[in-house]
Each structure stands twice: as structure tokens, then as C-alpha cells.
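Quick notes on the structure that follows.
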Amino acid sequence: MPPSVPSSPRRVARILRTSLFAQVACALVLGILVGKLWPGFASDLQPLGDGFTRLIKTIISPLVFCVVVVGIAKAGDLKAFGRIGLKALIWFEVASTLALIIGLLAANLVQPGSGMHVDPATLDSAAVDAKTGGGHLPSTTEFVVNALPTSFIGAFAENSLLQVLILACLVGAALLHLGHTKVPQVLPAIEQAQEIIFAIVGFVMRLAPIAVFGAMAVLIGQYGLGVIETYAKLIILCYAAAALFIALLAVALKALTGLSLWKFLRYIREEMLLALGTASTESVMPRVMQKLRKAGARDDAVGLVLPTGYSFNLDGASLYLSIGTLFIAQAVGVDLSLGQQITVVLVLMLTSKGMAGIPGSAFLALSATASSLGAIPAGAVALLLGVDRIMDSMRVVTNLLGNCVAVFAVSRWEGALDIDRAKRVLGGEAEPATEDEPVRAEAPKEPVSEAPKEPVPEAG
């Protein structure tokens with residue numbers, strides 16, 4: 001008798017019950033509908049997305065610490081770890097500079113702000129101050145000093161990734177120096193803590209659809225869809241430039257590692273959709289670290305390159321800043337010379353490195369760039385207030401893919417990437433870990449109860 005085929009409603013229900021991607025996709029659509037139909041109610045849903053992001057942020061610092069310490073201790077070579085960090089910084093600088101140049105070329109070619117003839121005096125610069133909370137981007141010296149922790153607990157309390165990375169490097173180096181004979185219990189304890197954190201990630205990820213629903217409803221409820229018509233030329237240009245940059249990332253990844261970016265994108269489709277819905281790459285950082293390790297990247301490379309990229313490698317933000325600067329200049333009728341545009345690149349190369357975690361950082365960077373040029377009124381930055389949130393999707397996708405490609409490229413450069421394993425995992429031959437399953441370096445042990453029993457001799 002042929003097996004019964006489940007009905008369509010049952011198949012749909014099973015997919016919704018088991019697939020995080022399907023759950024997040026449905027939540028995304030529902031959020032858009034609620035935001036469009038009931039904008040007043042949608043604005044009250046802000047805590048849903050904010051609460052999920054807060055839960056994820058509590059996990060990031062201890063997770064990065066554990067992964068980096070375990071990676072250094074197991075690699076057994078602190079010099080190799082230093083080489084990975086140096087190669088990562090070189091990659092980050094090249095990639096972000098390329099993004100800036102692509103943005104400038106695209107803005108010069110398309111001229112998204114030409115013909116607007118905006119009078120800067122009519123713009124409300126106070127709105128920019130409200131957006132940034134009166135903050136400022138740190139100088140290079142401040143950025144370096146702030147990366148050094150003032151206390152062990154303070155780095156975790158403030159959720160400062162760079163400070164946590166430095167502490168993790170020091171602890172990992174100390175473990176290598178002392179050896180496993182003097183502190184035999186420390187490394188296993190950190191590994192066990194890492195397993196606990198990954199289990200917590202699984203619990204928190206069950207709330208991801210609720211977070212996406214709330215975040216998307218708030219976005220559509222506050223800004224509506226009309227802003228897309230007003231800034232259509234700028235929005236299309238930014239997304240097209242991002243698509244070009246991602247295509248270049250795909251070419252670079254294929255040339256350096258032989259891996260397909262599109263297969264990798266399919267591999268992290270759940271995390272990508274969640275990042276889009278919440279407009280935050282931090283919300284998926286623990287899961288992406290987990291999947292990169294499963295895809296063959298060594299622990300020390302993942303633990304150092306990915307978190308550092310969150311501070312140093314904001315490719316999507318670099319694209320947006322370069323295009324946004326020229327858009328503002330064109331809108332107010334300022335014609336920037338080649339020398340001034342080169343100045344834009346140099347200034348943004350510095351300011352974009354201190355943006356992570358600062359409210360309204362894009363506007364602070366744009367204001368700093370406008371001030372350094374002296375030709376663009378600082379108040380003109382307010383032109384981008386209405387469209388900034390729409391650009392989050394472009395920035396999130398480009399930043400996340402840029403950092404993941406950096407992990408693969410630097411890992412391959414250092415010999416810390418298992419190419420065969422990566423190809424098998426990205427090709428679908430090995431299933432990715434579920435949200436409840438921690439990634440393990442070894443195969444799981446079978447339960448004791450399943451051990452074979454001694455055969456019972458037959459009677460007679």
C-alpha cells in the first residue's frame with residue numbers, strides 16, 4: 001500500500017513549525033500589512049524588536065570571548081592569531097575603500113541629487129541633533145584608547161566587542177603560556193560555557209519571528225511607503241551600487257577560495273532574512289559565527305575576523321556615506337571638485353571605522369565630512385533623515401556579506417579553512433545546525449542506554 005501523502009495544509013503547517021526561514025518570512029509580510037493598515041497600533045510594537053535585540057546583545061560578548069579563547073588555545077600558535085588579525089585589517093581597509101570609491105563613481109554617474117535646488121536654510125538641523133542624541137564620532141586616538149578595557153567586567157557590561165576581543169586574546173595567550181598541565185580545568189570550562197551560550201542562542205532565536213514582525217510594522221507605520229517615491233532615484237542607486245559591490249565580493253570569494261557566494265547566501269538565508277527584518281547584523285552574529293565554523297572556518301579565524309569586522313568593515317555604510325555625501329552636495333547645488341571628492345574618501349576612511357554602536361552614526365559621519373570640506377552646509381545632512389531607515393536593508397546585507405567573505409578569505413589566506421568541508425556544507429551535503437543544536441568539533445556521543453547488550457545464550 002503506497003504511503004499517504006500529507007495534504008497541502010498539513011505540509012504548510014509542518015514547514016511553518018520547523019522552518020525558521022518560513023516563520024520569519026511570514027512575520028515580515030504580516031509586519032508590512034499591520035504597519036500599512038494600522039500605523040498607530042504598529043508604533044506600539046517597538047518593544048518587540050528592541051527586546052529581541054537586547055537579548056541577543058547579552059549573548060554576543062561572552063560568546064566572542066569563549067570562541068576566541070578556545071580558538072587560540074586549540075590552535076596553539078599566538079603568532080598565527082596575530083597574522084590573522086593583521087590580514088583581516090588589510091582586507092577590511094581594501095574592501096571598505098573599494099566600497100567608498102564605488103559609491104563616489106555611482107553618484108557622479110547618476111547624479112541622484114541634481115535638479116533638487118534645495119535651500120539649506122529651509123532644513124531643520126535640529127532634527128539631526130535629535131537623531132544623533134548630541135553625540136560625536138571618536139577621533140582616531142579616542143577610538144584606539146576606547147578599545148582598551150578599563151576593567152575585565154566593564155568590557156562585558158558595556159558590550160564593547162573590541163575590548164572583549166583584547167581580553168580574550170590575553171586570556172588565550174595566558175593559557176598557551178601556562179599550558180594545560182598548570183590550569184587543566186580552565187579550557188574545558190570555557191568550552192562548556194560556549195556550549196551553554198549556543199543553547200541560549202537557540203532559545204532566543206525562537207523569538208525571531210516576533211521581533212521581525214514588530215520591527216517591520218514599526219518601520220512601515222512610521223515612514224510608510226511614500227518615502228520610496230520621493231527618494232526613488234537615490235534608493236535605486238544605493239541598492240544598485242550595493243549589488244555591484246556584492247557581485248565583486250562573489251568574484252573575489254570564488255577566485256580566492258573556490259566557494260560560491262550564492263550558495264553561502266542560501267546557507268544563511270534564515271539569518272539574512274532576520275537581519276533584514278530587524279535592520280541589525282548584531283541580531284544574527286551568534287548564529288552566523290556558528291554556521292561559519294560549521295562551514296570549515298577555524299575557530300580562531302571566525303572569533304577574530306567576524307567581531308572585528310563589525311567595527312572595522314562596514315562596507316554597506318561606506319557605500320551609503322559616499323553616495324549620501326555627493327547627493328547632499330548635488331541637492332544644495334555644490335559642485336565638488338576631484339580634490340574635494342578625494343578628501344571625502346580620506347575622511348570617510350577614518351570616520352567609518354568609529355561608527356559601530358553609536359546612535360545616528362551615519363549622520364555624524366556625514367556631518368564630519370561636510371565640515372571637513374567646508375563647502376556643504378552641515379544642516380543639509382537633514383535631507384537624508386526621511387530615507388535613512390529605508391537604507392538599513394542595503395547596509396545590513398552588504399555589511400554582513402562583506403564580513404562573512406572576509407572570514408573565508410582571511411581563513412584561506414592563513415590556511416585556516418577546510419575547503420572540502422566548506423564545499424560540502426554550502427552544497428547542501430551536510431545539513432546546517434538547527435537553532436537548538438550547538439556546533440561541536442567532534443561527533444556527538446551515543447547515549448549509554450543505547451549500548452549493545454551482552455547476548456543471552458540460548459537454552460539447551
Side-chain angles (χ1 to χ4, degrees), residues 16-24 27 48-74 153 155-157 159 161 164-165 167-168 171-172 185-212 267-275 277-278 280-304 306-307 310 404 407 425 430-450:
L16 287 175
R17 187 174 64 254
T18 59
S19 172
L20 179 64
F21 180 81
Q23 294 169 7
V24 172
L48 296 181
D50 290 348
F52 177 80
T53 304
R54 289 169 71 94
L55 286 174
I56 288 291
K57 285 184 175 182
T58 62
I59 301 169
I60 289 176
S61 290
L63 175 61
V64 169
F65 179 82
C66 291
V67 170
V68 171
V69 171
V70 172
I72 293 176
K74 285 190 171 181
I153 303 301
F156 291 89
N159 214 23
L161 278 185
V164 170
L165 274 174
L167 289 173
V171 173
Q185 303 300 322
V186 174
L187 184 59
I190 295 177
E191 288 182 297
Q192 292 169 16
Q194 181 177 272
E195 296 288 346
I196 294 173
I197 294 170
F198 276 127
I200 295 173
V201 171
F203 299 150
V204 176
M205 289 302 293
R206 295 181 182 275
L207 303 175
I210 299 174
V212 170
Y267 174 56
I268 63 163
R269 60 187 180 276
E270 295 173 350
E271 291 74 24
M272 187 61 70
L273 195 60
L274 175 59
T278 58
S280 170
T281 53
E282 286 187 340
S283 64
V284 297
M285 183 178 174
R287 287 261 300 193
V288 171
M289 290 182 71
Q290 199 173 5
K291 286 196 167 182
L292 286 169
R293 294 166 67 220
K294 188 173 179 63
R298 209 167 64 193
D299 283 7
D300 53 347
V302 174
L304 180 61
L306 190 67
Y310 270 60
C404 290
V407 172
V425 171
E431 289 295 325
T434 62
E435 54 263 35
D436 297 324
E437 177 188 353
V439 176
R440 301 176 184 271
E442 66 278 345
K445 298 179 181 179
E446 294 183 356
V448 176
S449 60
E450 293 183 7

Can you tell if the side chain of [X] reaches within under 4.5 Å of the side chain of [Y], non-hydrogen atoms only?
{"X": "E270", "Y": "M205", "answer": "no"}
{"X": "L63", "Y": "F198", "answer": "yes"}
{"X": "V212", "Y": "Q23", "answer": "no"}
{"X": "M289", "Y": "V201", "answer": "no"}

Atom [atom1] in [X], atom [atom2] in [Y]: separation rounded to 0.5 Å?
{"X": "F203", "Y": "L55", "atom1": "CZ", "atom2": "CG", "answer": "13.0 Å"}
{"X": "K57", "Y": "D50", "atom1": "NZ", "atom2": "CG", "answer": "9.0 Å"}
{"X": "I56", "Y": "E282", "atom1": "CD1", "atom2": "CD", "answer": "10.0 Å"}
{"X": "M272", "Y": "C404", "atom1": "CE", "atom2": "SG", "answer": "7.0 Å"}
{"X": "L187", "Y": "Q192", "atom1": "CG", "atom2": "CD", "answer": "10.0 Å"}
{"X": "R287", "Y": "I268", "atom1": "CZ", "atom2": "CD1", "answer": "10.5 Å"}

Residue of the set I60, V204, L274 for which side-chain contact (heavy atoms from CB on, under 4.5 Å) holds with S283: L274
What heavy-atom pair brings [X] and [Y] nearest, and what distance separates the two atoms?
{"X": "I197", "Y": "C66", "value": "CD1-SG, 3.9 Å"}
{"X": "D300", "Y": "I72", "value": "CB-N, 4.2 Å"}
{"X": "P307", "Y": "L161", "value": "O-CD1, 4.1 Å"}
{"X": "K294", "Y": "V425", "value": "O-CG2, 3.5 Å"}
{"X": "V64", "Y": "G303", "value": "CG1-O, 4.3 Å"}
{"X": "D299", "Y": "G71", "value": "CB-CA, 3.9 Å"}

Those residues that, when tested against [X], pass side chain to side chain contact (heavy atoms under 4.5 Å, CB included) (two or more places apart):
{"X": "A168", "value": "F65, V68, V69"}
{"X": "L48", "value": "L45, I210, F213"}
{"X": "L273", "value": "F21, V24, A25, L28"}

Main-chain N/O of Y267 paired to K291 side chain as donor or acceptor, under 3.5 Å: yes
